[in-house]
There are 2 protein chains.
Amino acid sequence: MPDERPNAATRLPESSELTALFDRAENRHLYRLSYIANALVLPVYDGIKRDFGLSRGEYLLLFCLSHMPVLTARDVAEMTKRPRNSISRAVHRMLDEGYIDRVPDPEDGRQARLSITAKGRALHERIIGRFVDREDEIFGVLDDTEMTALDAILQKLARHVAASAA
Amino acid sequence: MPDERPNAATRLPESSELTALFDRAENRHLYRLSYIANALVLPVYDGIKRDFGLSRGEYLLLFCLSHMPVLTARDVAEMTKRPRNSISRAVHRMLDEGYIDRVPDPEDGRQARLSITAKGRALHERIIGRFVDREDEIFGVLDDTEMTALDAILQKLARHVAASAA
DNA sequence: CACATTTTGTTCCAAATGGAACTAATTGTC
DNA sequence: GACAATTAGTTCCATTTGGAACAAAATGTG
């Protein structure tokens, strides 16, 4: 008969044993992936908020616009999987700060064309390095073969996920 | 001389072109990873909230306790990278619902030993399948070789990230 | 062309969030 | 053993968040 009150008897795990979850979970690939992604980006976002006053959503808007010449708010919502009202707020905030520009679409009165300003681009230049550094720091543990394999796999997964969400 | 107002002239991207970010970003590995993780789990969390009334933090607490016999709130905070007060709230909520159990640690009056109840385990059984399904759905696009490689790489990365965060 | 439907973006508001200050307990230091 | 320093957990509170309802514009349908 199993112990009815394991709580009282079982030893608490050491801090180093907490990673056991990586191997025990039924959905361990998904869990690992999610854990890694979080652990990778959260500290960077914390730094961005502290040093530049940008929330995660605001930075993502800047990031999207720094790689695509013109986007609508809807595009950004789709790319970042965030609700539209959050994007709307971020857009207004970034407009006020002069990081982005907005022009009503002459062909569709509902939507507006968003683009990054020189000031916004300058800010993005200052920030992106942090992500690259973090990326190098973590992915540096992989050898060339692993990195090549991972690159191909992530590319495949990303396209598959993007396609299956649409 | 480049166009001073690309916003006015440039064509808006088709929806299918929004994935161009995957290839353009300086930090594209990190970006892809983060995108995939988000796209994988967000719909599942939405469903859990809708159908079971659990927030992401509450579910993560249940998840952690369903794989580790006893944990402290601090352990859960470390495993999930969430602030301690959020964990504290989740603990009280889940206690009220009878999903988890809490016993003061006899050896350290500051901390409490958390464990899952039978009711909590039953709930977790109902939920975990959704993650497994989602995992199969997305990772199913990979062939055996790729899946094996990804598994090894994620394992390596997860341990490295966990170690470098401590 | 009238009118229902869809789509973009905004506003409203209740709920979630997380930083900071706090209490209680433990550990370290002299 | 006194007292500073640390740690686990909670509470407070201002800010953030996101679902739902909404207005305005566009599209579809008869």
Side-chain angles (χ1 to χ4, degrees), chain A residues 12-15 18 38 41-43 45-51 53-61 64-65 70-96 100-114 166, chain B residues 12-15 18 38 41-43 45-61 64 70-96 100-114 166:
Chain A
L12 277 171
E14 297 296 317
S15 178
L18 296 179
N38 255 317
V41 304
L42 288 186
Y45 282 125
D46 285 349
I48 291 171
K49 180 154 209 170
R50 176 170 25 82
D51 300 334
L54 294 191
S55 74
R56 182 169 179 162
E58 286 158 6
Y59 173 68
L60 277 174
L61 172 62
C64 289
L65 287 174
V70 183
L71 293 171
T72 66
R74 199 201 72 89
D75 292 335
V76 178
E78 182 177 329
M79 293 161 86
T80 62
K81 313 283 178 206
R82 287 177 184 288
R84 290 172 309 159
N85 57 359
S86 294
I87 305 293
S88 175
R89 263 189 302 257
V91 164
H92 286 287
R93 174 87 201 294
M94 299 299 271
L95 277 173
D96 288 348
I100 69 172
D101 193 26
R102 181 174 58 171
V103 177
D105 188 327
E107 293 175 13
D108 187 333
R110 291 170 303 180
Q111 64 193 13
R113 302 163 56 90
L114 307 172
Chain B
L12 276 170
E14 296 297 316
S15 179
L18 295 179
N38 255 316
V41 304
L42 288 186
Y45 283 124
D46 285 348
I48 292 172
K49 180 153 210 174
R50 174 169 27 82
D51 299 334
F52 303 104
L54 294 191
S55 73
R56 180 170 181 161
E58 285 158 5
Y59 173 70
L60 277 173
L61 172 62
C64 288
V70 183
L71 291 172
T72 65
R74 199 200 72 89
D75 291 335
V76 179
E78 183 177 328
M79 292 161 87
T80 62
K81 312 284 178 206
R82 290 182 182 286
R84 290 172 307 157
N85 58 0
S86 294
I87 306 295
S88 175
R89 264 190 301 255
V91 166
H92 286 288
R93 175 86 200 293
M94 300 298 272
L95 277 173
D96 289 348
I100 68 172
D101 192 26
R102 180 173 58 171
V103 177
D105 189 327
E107 294 175 12
D108 188 333
R110 291 169 303 180
Q111 64 192 14
R113 302 162 57 88
L114 305 173

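Throughout, a chain's letter reflects where its sequence line sits, starting with A, and its residues are numbered from 1.
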Checklist entry - Between C:dG9 atom C1' and A:R110 atom CZ, what is the distance in whole Å? => result 10 Å

Next on the checklist: Please report the distance, rounded to the nearest Å, between CZ in B:R56 and C1' in D:dT17.
Outcome noted: 14 Å

Checklist outcome for this item: When A:G57 and B:Q111 are each assigned the nearest nucleotide of DNA chain D, the 5'-most assignment goes to B:Q111

Item to check | Length of the CG-P vector between A:L61 and C:dG9, whole Å | outcome: 12 Å

Next on the checklist: Any base atoms under 4.0 Å from A:D108, or only sugar-phosphate, or nothing? Heavy atoms, all strands.
Outcome noted: sugar-phosphate

Checklist entry - Whole-Å distance between C:dA16 C1' and B:E58 CD? => result 10 Å

Checklist entry - Does the C:dG19 base have a donor-acceptor partner in the side chain of A:R50 within less than 3.5 Å? => result no

Checklist entry - Contact class for B:R82 vs. all strands (heavy atom < 4.0 Å): base, sugar-phosphate, or nothing? => result nothing

Next on the checklist: Can you say whether a donor on the side chain of A:R74 sits under 3.5 Å from an acceptor on the base of C:dT8, or the other way round?
Outcome noted: no

Next on the checklist: Distance criterion of 3.5 Å, no angle test: do you see the side chain of A:N85 paired donor-to-acceptor with the base of D:dG19?
Outcome noted: yes

Item to check | Rounded interatomic separation in angstrom, taking CG from B:L42 and C1' from D:dG19 | outcome: 15 Å

Checklist entry - What is the distance, rounded to the nearest whole Å, between atom OH of B:Y45 and atom C1' of C:dA16? => result 16 Å

Next on the checklist: Nearest to the A:R89 side chain among C:dC12, D:dC12, D:dA25, which nucleotide is it?
Outcome noted: C:dC12

Checklist entry - So, do B:V41 and B:R56 sit near enough that their side-chain heavy atoms are less than 4.5 Å apart? => result yes

Item to check | Expected output: side-chain A:D96 to main-chain A:R93 donor-acceptor under 3.5 Å | outcome: no

Checklist entry - Of the nucleotides D:dT10, D:dG9, C:dG9, which has the atom closest to the B:S88 side chain? => result D:dT10

Item to check | A:D75 and A:T72 side chains, donor-acceptor separation under 3.5 Å | outcome: yes

Next on the checklist: Please pick, from D:dG9, C:dA16, C:dA25, the nucleotide with the shortest atom-to-atom distance to any side-chain atom of B:A112.
Outcome noted: D:dG9

Item to check | Length of the line joining B:E78:CD and D:dA8:C1', which is rounded to integer Å | outcome: 13 Å

Item to check | Straight-line distance of B:E58 CD to B:Y45 OH, nearest 0.5 Å | outcome: 12.0 Å

Checklist entry - To the nearest 0.5 Å, what is the distance between CZ (A:R82) and CZ (A:R89)? => result 11.5 Å

Checklist entry - Quick one: B:K49 NZ to D:dA20 P, roughly how many Å, whole number? => result 11 Å

Checklist entry - Taking for each residue the nucleotide of DNA chain C bearing the nearest heavy atom, is the 5' side occupied by A:R84 or by A:D46? => result A:R84

Next on the checklist: Strictly below 4.0 Å: does A:R102 bring a side-chain N or O up to OP1 or OP2 of C:dT10?
Outcome noted: yes

Item to check | Under-4.0 Å side-chain N/O to phosphate OP1/OP2 contact, B:S55 with C:dA16 | outcome: no

